[in-house]
Number of protein chains: 2
Amino acid sequence: MPNNRKQEYDCPIRDVLDRIGDAWTVLILMELSRGACRFNALRRVVDGISQRMLAVTLRNLERDGLVTRQVLETSPPQVEYALTQRGVSLRAAIDTLSDWAQANQTDIRASRAEYDLAKAD
Amino acid sequence: MPNNRKQEYDCPIRDVLDRIGDAWTVLILMELSRGACRFNALRRVVDGISQRMLAVTLRNLERDGLVTRQVLETSPPQVEYALTQRGVSLRAAIDTLSDWAQANQTDIRASRAEYDLAKAD
DNA sequence: CCGAATCCGGTTGGATACTG
DNA sequence: CAGTATCCAACCGGATTCGG
C-alpha cells in the first residue's frame, strides 16, 4: 500500500520525492546537467545501473518533461537525452538539498555513531 | 543490490535522499515543525501511517540527530518528539524543493497527461 | 544501439498480537 | 501510552532474453 497511497493525497512535495527519492534519478539528472548524453554512454558513467532501471528512469523523467529524448537518424540509431529547462530548474532545487547534505554529513555520521554506540550498551 | 549499494559510494546527497525519500519522513518532519508532538498524536495526524512505520521513521530521525525524543515522567509515561536545530535546517532545505514542486506541479501533470496520451495512440 | 518483456529473489511495510 | 515481534503479501529491481 505504501506506493499506491503515495498519490492518495494531492501533495506536490510527494510527487517530487517519488521521482527523485529512488536510487538513480538524481545521479542521472546530475550527469545530464553536464550535457546531453546517449543511452549507453549514460549507462557506462552512472556505474552499476541496470539497463532496465536506466530505461525506466529515463522514461519517467521524459514523462515529467524533465528530459528530452531525441532519436538520431544514424545507423545504428542513437538516442540522445538532455535536460529540459524544467529539468535544469529541478537540478537547482536539488542542489540546495545537496548543499545541506554536504554541510551536515559529518555531524550526521557522528550522531549515528553515537546513537549506535549508546544502543550497544 | 539497490539497497546495499546505496551507501557504496560516499555520496552525501544519497544519505539525505535515503532518509527523506521514503513515504513518511517528510510528512513527520513537516508536522513536527509545527511544534513538539507525542507518538499517538503524530499517529493520528499523519493519517494512514502504521504504528510500525511511525516508530521506525522516528527512530531513524532521532539517530540522525534530526529529532529529539523526550520521555515525560507521567503516568502512563508519554514521549514527546521535537525537531532539533538540524532538523529545522533540513526542513528549510526541503522547503526549497517543496516550492519547486508547487511551482511546477501543474506543468508536470500536464506533461504526464500528454505523454500518456501520446502512448495510447 | 536502444529498449521492452518475462522471470524471480530480496526487501519493504501493513496487520496483528504482545510487553513495560 | 509507546513501542516491539512476528508473519506475510506486495512491490522493486537485477538478470536474462528477445525485438526494432
Side-chain angles (χ1 to χ4, degrees), chain A residues 1-8 14 17-28 32 36-63 67-82 115 119, chain B residues 1-8 14 17-28 32 36-63 67-82 115-116 118-121:
Chain A
M1 185 165 311
N3 284 324
N4 344 3
R5 86 188 325 288
K6 273 183 182 177
Q7 302 299 354
E8 200 168 286
R14 275 255 52 84
L17 288 174
D18 288 347
R19 178 65 53 248
I20 70 169
D22 70 282
W24 304 113
T25 298
V26 169
L27 291 179
I28 293 175
L32 286 180
C37 199
R38 292 189 299 106
F39 189 87
N40 277 339
L42 272 175
R43 196 173 168 202
R44 276 188 296 274
V45 70
V46 170
D47 172 70
I49 194 170
S50 67
Q51 193 177 28
R52 179 181 187 277
M53 286 316 294
L54 180 54
V56 168
T57 305
L58 284 171
R59 194 184 333 125
N60 284 330
L61 288 172
E62 188 197 357
R63 191 169 98 103
V67 155
T68 58
R69 177 179 185 276
Q70 183 184 8
V71 181
L72 305 178
E73 296 300 338
T74 58
S75 159
Q78 300 181 338
V79 180
E80 194 161 79
Y81 292 91
Y115 183 93
K119 288 297 168 184
Chain B
M1 184 167 313
N3 284 324
N4 344 2
R5 86 191 324 288
K6 273 184 181 177
Q7 303 299 352
E8 199 169 286
R14 274 256 52 86
L17 289 175
D18 288 347
R19 180 66 53 248
I20 71 170
D22 70 283
W24 304 113
T25 298
V26 169
L27 291 178
I28 293 176
L32 286 179
C37 199
R38 291 187 298 106
F39 188 87
N40 278 339
L42 271 176
R43 199 178 166 197
R44 276 187 297 274
V45 71
V46 170
D47 171 70
I49 194 170
S50 66
Q51 193 176 30
R52 178 179 130 78
M53 285 316 293
L54 180 55
V56 168
T57 305
L58 283 171
R59 195 184 326 129
N60 283 331
L61 286 172
E62 188 197 357
R63 190 169 99 104
V67 154
T68 57
R69 178 180 184 275
Q70 183 184 9
V71 181
L72 305 178
E73 296 300 338
T74 58
S75 162
Q78 301 180 338
V79 180
E80 194 161 78
Y81 291 92
Y115 183 93
D116 294 344
K119 287 298 166 182
D121 50 9

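- Between B:Gln70 and B:Leu72 the shortest side-chain heavy-atom distance falls below 4.5 Å.
- Looking at heavy atoms from C-beta onward, B:Arg19 lies in side-chain contact with B:Asn60 at the 4.5 angstrom threshold.
- Separating the CG atom in A:Leu58 from the CD1 atom in A:Ile28 is a distance of 5.0 Å, to the nearest 0.5 Å.
- The distance between atom CD1 of A:Ile28 and atom P of C:dC2, rounded to the nearest whole Å, is 14 Å.
- When each of B:Glu80, B:Glu62, B:Arg59 is tested with B:Arg69 by the rule side chain to side chain contact (heavy atoms under 4.5 Å, CB included), just one qualifies, namely B:Glu62.
- Between B:Trp24 and the phosphate of C:dT12, there is no side-chain N or O to OP1/OP2 separation shorter than 4.0 Å.
- Nucleotide C:dG14 holds its P atom 12 Å from the CG atom of B:Asp47, rounded to whole Å.
- Proximity of A:Ile49 to A:Leu42: side-chain heavy atoms (C-beta onward) are nowhere separated by under 4.5 Å.
- Atom CE of B:Met53 is separated from atom P of C:dT12 by 9 Å (rounded to the nearest Å).
- Here the P atom of nucleotide D:dG20 and the CD atom of A:Glu73 are 17 Å apart, to the nearest Å.
- Atom CG in A:Asp22 sits about 14 Å away from atom C1' in D:dC11, given to the nearest Å.
- At whole-Å resolution of the value, CD in B:Gln70 and C1' in D:dC1 are 16 Å apart.
- Take A:Arg63 and apply the salt bridge (charged side-chain N to carboxylate O under 4.0 Å, His left out) test, not counting sequence neighbours, and it matches B:Asp116.
- For the pair A:Leu54 CG and C:dG3 P, the interatomic distance rounds to 8 Å; values are reported in whole Å.
- In this structure, the CG atom of A:Leu61 is 13 Å from the P atom of C:dG3, given to the nearest Å.
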Which atoms of nucleotides 2-6 of chain D (N or O only) lie under 3.5 Å from a protein N or O atom, and what are those distances?
unit_1	atom_1	unit_2	atom_2	d
D:dA2	OP1	B:Arg38	NH1	3.1
D:dA2	OP1	B:Val79	N	3.3
D:dA2	OP2	B:Asn40	N	2.9
D:dA2	OP2	B:Asn40	ND2	3.4
D:dG3	OP1	B:Arg69	NE	3.1
D:dG3	OP1	B:Arg69	NH2	2.6
D:dG3	OP1	B:Tyr81	OH	3.3
D:dG3	OP2	B:Tyr81	OH	2.5
D:dG3	N7	B:Gln51	NE2	2.3
D:dG3	O6	B:Gln51	OE1	3.4
D:dT4	OP2	B:Arg59	NH2	3.3
D:dT4	O4	B:Gln51	OE1	3.4

